[in-house]
Amino acid sequence: MSSFFLQTIFNGILAGCIYALFAIGLTLIYGVLNFVNFAHGELIMWGAYFLYFLMDRPLNLPLSIAFLPALCLTILLGLGSDRFIFKPLRKASRLTLLITSLGLSFFLRNGAQFFWGAEIRTYGFEIKRGMKLFGVSITPNQLAIIVSSTLCMILLYLFFYKSRMGKSMRAISDDLELARVMGIPSDRAIQFTWIIASFLAGLGGILLALDTNLHPGMGLINLVKAFAATLLGGVGNLWGALLGGMIIGLSENIAVLLLSPGYKDAIAFGIMVMMLLIRSSTIFWPKE
Amino acid sequence: MRKIIYSLILTISCLAFSGVYAQETYKIGAAFALSGSIAVYGEGFKKAVDLAVEEINAAGGIKGRKLEIIYEDNKSTPKDCVTAVRKLITVDKVPVIFGPAASSNFMAAAPVAQENKVVMISAEGAAPGLTKAGEYIFRVFPSDVLQGKGISDLCLRLNFKEVPVMYVNNDWGMGLKNVFVENFKKAGGHIMDEIPYDEGKTDYRTELIRAIKGNPKAVVNLTYIKEGAVMFKQAYEMDIKVQWICGSAAKSPKLIELAGKAVEGIIGTYPVFSQETKEYKAFRAAWKRKYGDEKIPIFAEYNYDMVYLTAKAIEKGGYTSDGIRKALIEVAKGYRGVTGDKTFDQDRGVGSEYGVWTIKNGQIVDYKKD
Amino acid sequence: MDLFLHLCVMCLIYIIFALSLNLEIGYTGLFNFGHVAFFGIGAYTSALLTLHHFPFELGLVMALTLSGIFGFLLGLPSLRLRGDFFGIATLGFGEMIRMVFQNEVWLTKGPMGLPGIPKPTLFSFRFATLPQYFLLTLGFTAITFLFLRILIRSPFGRVLKAIREDEIAAEALGKNAYRFKIKSFVVGSIFAGLAGALWGHYTTFISPNDFTLLETILVLLIVVLGGKGTEWGPLLGAALLIFFQESLRFLRLPPEYGRYLAPLQQMIFGALLIFMMLFRPEGLIKERGRRVYAGTQRVE
Amino acid sequence: MLELRGLSKAFGGIQAVVDFSARLEKNRITGLIGPNGSGKTTLFNLITGFIKLDRGEVFFKKEKIDGLLPHEIASRGLVRTFQLSRVFPRMTVLENLLLAPQGQMGEKLWALGLKRERVRDEENRNLKKALSLIEKIGLLPLKDEFAENLSYGQQKLLEMARLFMANPEMILLDEPTAGINPLMIRKIMDFILTMREMGKTFFIIEHNMDVIIECCDWVFVLDHGEKISEGTPEEIQNDPRVIEAYLGT
């Protein structure tokens, strides 16, 4: 029983690592550009599919070579969506942006379905038994997830606390009041934000797909979790997003053991709605 | 953006005009899942139907007229099934329709066919109450009432008296689960846990952990191909060693393609028909001739039989829905198709034996107790 | 002809659905992304009651009542949220309701869906055939349209518009924005429930799959495309989209391309949404100030 | 009319308003001046319930109104405007005015069905009043235009007309003459004075000393959230503390 429990916790942490990568990107966009990007989930999914595209026929590239180009393509997608869609709407209301990003999300999701179909795909690596560690089985892919997401966190820390660009981005993101005073951030800061957010989304998507599978619907469902994590950690707060991701990952995995598994996804939704309602007193009336 | 949309629209219209118009044919409607969540299956069904049609037409058609299938995409949703069937009935004016695959989709569309007095046939719907809508609704696939009992019998035969059951949380999974649980309990078995899971997810690890919580020797997993592939792979990675028992929906080469050695040794039931009959051998040979391989997709045989039965019914009863309805029952009596005896019972369904399949060395083979 | 009537019925149901959303989005400025939940509640309530041999009249009334009650209960906490967070909360709510339909098997039969929903009988007249059902939905659409029109043109509707334009200024003029928003949300939910009930009795089969995010996007697109905050916009939007969607069937594509068609169509929907936001956010019909007021001519 | 007792508010350690007490008499125009960032608008927000008080009490017509919601305060007859014009941009000029009357029967859902006659009569009455008002401010040709199509000055004027329509007992004006041309300022001042004739009470934040001198009976001076002086406009003009506050330390 205890090893089941340990395994569950491990699965939770694993999921949490990935949710955190998504949530940080999401919250960064929110912090700097001040809107909720529904299409963020699709960056996750396209990141994974870009890698699939490069590794599949006819290119047949090995993972080590295809990995970076796939990330670059994801970043291009993120930058492209900003340049052609969100930039012209820079001064539009948040709701306009919300609907636009919902439309973009829908477009991209079905785009993937158009090219690759609705079925589940894998990168086609041979399946390996996980190694046992204290009764918990860990596959090499899962190890890669933990290592690379930790690495990402360290890099992010260095960027946000040591570089000037990072510091100013953090300032804008953390403090919405300041952001309002400073007006619209510079194009360079916005581009950087998109680069980082798409990078994290693409990386998370690839890691997730390595561990599990690819599916055009993988973006949306993970977006919900990222939302929940973001709200849990406080909108615009980077480290809150990390913590929130972990909590979501753990709680939904533990909940499956206790509740009806049919409601697994409902947990993230539930946390999301609950957080919104609890925080409503602070979210309300911030204008003026 | 605008350019992209225009060019896409242009592409569609070009495709549209390339569609061939044949004349003086017997048209049959087919509301198949060409897109959406179960499109994976739809493609295979279509291949089988096309094969049968080609054969019939090559042999001179029906009374000199060729058979033509009008495919309508049902997008795997109940809403679009209704629209697709309505379109087939009112625009193409077909007297007979090959219905949607998933039981819930079929059941959404069946009342429309019944109401308009158009025959609708299912070649893969397994839900027990599928043909309830009325006398125009037929099935050439055995009901899950039989398969649920088959799985229960299999468990007991292998001496698994306590099992948890996992199932896809949709109409098919749940329907089968209910019949299985009912039979299993009646026979003295104990259900340790019931674990529904959503379709189309990528991570089922926690569900798996919950399934093996009580250290069962075997787990009944009523799964599709996609979900099964993901699950068995993850079970393998987590080193879960139980005997997996599945239904017929997972029995496909595609499962092995997706999950590789993780599915070695799983077993499952399926409606069995002898592969030694001359009908089956002829079918397999014809398949190989047309498609160049022997990877016969799941339920292809039933679709194949469905076309032949319908053709015979048109020949005998004429090209009207009432003619077909009455003739179907007559021509099917004692008819031996690829999938065996197709005589309809009073619910316009067919019976079947159940066999056990397993995967050995990457091949689907009949299970033999060793 | 039957297909045309069928499409008309679908179109009319979507018009009711879109009109109710337009009250929220177009007139009150509430970006409800979970509107499909109330559509579902209406459909399930009426279907379950009539399946248990209650009369259709009761089923319909209960469908509207329950949609309204759920609208009230959801609105109570979430309408305190700022616009975009309200959108996300409703999105979450919409999905959660669908999961309830999917998992509460004792009530909804879960994924099996509810087959055999009886055709409605209203005051002992049975709307069984397609033309009859068409007339029934036409009647309900007309009632919805006129009711919402009276509402929107009334002083009540005026306050809703003021809240959409500037909530704080409306408060400063003594309008209880929160309460007006709840009222608008409840009325919107009730009419979404009506659309759902009509939908369920029309197809005679409902399952959780009918109430996904896709429906929300479709109805959102109808409102945005047609012109939010206009009386005729949702009608135009629904007619355009439903007939566009179904006209693709007549392209006679070779079935091999079927796989591409559904995603393509939905890509077009997504692109259309972006396109509208970028180039014509007000929709095809532009909102205009109404010139004639009750009694304007008489005042002199 | 309005009594403030020890209003205080701090934002994250910065005292925006410190222990502000005052009595505003009926039918008088009271001014509120002070350098930028001295807490004038915050004070207005505190009185009208848009920001919660840390400490203090507000009495309006001897009734305690602190802790009430903005719309509750407004419907008791204490209405405010905002620094930037806040007309409803995508509503017509006429609609903007028709919105203002308090306690309209037609805003109640049930009344729309049950009291149709009364709703219609009330609407006609309001309409008549609104049209004559629009004529008075010279916007009649624009009555069916969206308010967003008006010039800024016209919007301000519309806002004043809206206040007139709302007919509250007391009005808080936040810089009514900021950013508009002298001709408009004149019109707005006339508006204020006419309404005072009708028995209204005013509390005005204003930078334009000419307006203060001409209109106000009494003036409070705020600096760093504290009341540093009060008196008639003439007294204030010559108060060294005020001059110091304006010229900086």
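Just so it is clear, the model here is predicted, and its values are computed rather than measured. A, B, ... follow the sequence lines: proteins, then strands. Residue 1 opens every chain.
- In this structure, the side chains of C:L151 and D:L109 come closer than 4.5 Å at one or more pairs of heavy atoms.
- Residues D:Q104 and C:V159 have side chains not in contact (no heavy-atom distance under 4.5 Å, counting atoms from C-beta outward).
- Contact annotation for C:Y178: neither backbone nor side-chain heavy atoms come within less than 4.5 Å of a heavy atom of chain D.
- D:E95 is not listed as a side-chain neighbour of C:E165, based on a closest heavy-atom distance of 4.5 Å or more.
- Summarising the geometry, atom CZ belonging to C:R164 is positioned 7.5 Å from atom CE belonging to D:M91; distances are rounded to the nearest 0.5 Å.
- Rounding to the nearest 0.5 angstrom, the gap separating the OG1 atom in D:T92 from the NZ atom in C:K161 is 7.0 Å.
- Counting heavy-atom pairs closer than 4.5 Å to chain D, the top-ranked of the candidates C:G229, C:A172, C:A177 is C:A172.
- In this structure, D:R90 does not pair ionically with C:E282, as no charged nitrogen and carboxylate oxygen lie closer than 4.0 Å.
- Here the side chains of D:F88 and C:L173 are in contact, with some heavy-atom distance below 4.5 Å.
- Only the side chain of D:R162 comes within less than 4.5 Å of a heavy atom of chain C; its backbone N, CA, C and O stay farther away.
- Contact check for C:K175 versus D:H71: no side-chain heavy atoms found under the 4.5 Å cut-off.
- A distance of 11.0 Å separates CD in D:E107 from CG in C:N176, rounded to the nearest 0.5 Å.
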